[in-house]
Amino acid sequence: MADASGTLLLDVANRRWSNEMLEAAEIDRDLLPALYESPDVCGKVSARAAAATGLKAGTPVVAAPGIRRQERPGWGL
């Protein structure tokens, strides 16, 4: 959600894409990704990604918050 709000296309109060903004910008909602809150599991590591990264296939992937520069050391980045 945090990164989506930076697009100005998010209805922050209702936690969804803004119909008003999408219509004004003539953007098809089907072109936008699903929205997730930071702790939400939004997928799992695929076999292909596991082979490329060394992660275990099936490992849950969470949306995670947008990382600001000052937070990166805490995330190990």
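What you see below is based on every heavy atom in this structure, not just the backbone, and it leaves out hydrogens, waters and symmetry mates.
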Ser18: which of Val12, Thr7, Asp11, Leu8 passes side chain to side chain contact (heavy atoms under 4.5 Å, CB included): Asp11
All salt bridge (charged side-chain N to carboxylate O under 4.0 Å, His left out) counterparts of Asp40, not counting sequence neighbours: none
With Arg15 via salt bridge (charged side-chain N to carboxylate O under 4.0 Å, His left out) - residues at least two apart: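 Partners of Arg15 by the salt bridge (charged side-chain N to carboxylate O under 4.0 Å, His left out) criterion, ordered by chain and then number, come out as Glu37.
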Check residues 53-60 and write down every donor-acceptor pair under 3.5 Å in which the side-chain atom is one partner and the other belongs to a residue at least two apart or another chain.
unit_1, atom_1, unit_2, atom_2, d
Thr53, OG1, Ala49, O, 2.8
Thr53, OG1, Leu55, N, 3.1
Thr59, OG1, Lys56, O, 2.6

Between CD1 on residue Ile27 and CG on residue Leu9, distance to nearest 0.5 Å: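 Ile27 CD1 to Leu9 CG: 4.5 Å, rounded to 0.5 Å.
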Leu31 side, atom CG; Arg29 side, atom CZ - distance, nearest 0.5 Å: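 So the CG of Leu31 and the CZ of Arg29 are separated by 11.5 Å.
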Single-linkage hydrophobic cluster, 4.5 Å side-chain cutoff, Tyr36 and Val61 together: no
Co-membership, hydrophobic cluster, residues Val62 and Val45, 4.5 Å side-chain: no
Where Leu35 and Trp17 come nearest, the two heavy atoms and their spacing: CD2-CZ2, 3.3 Å
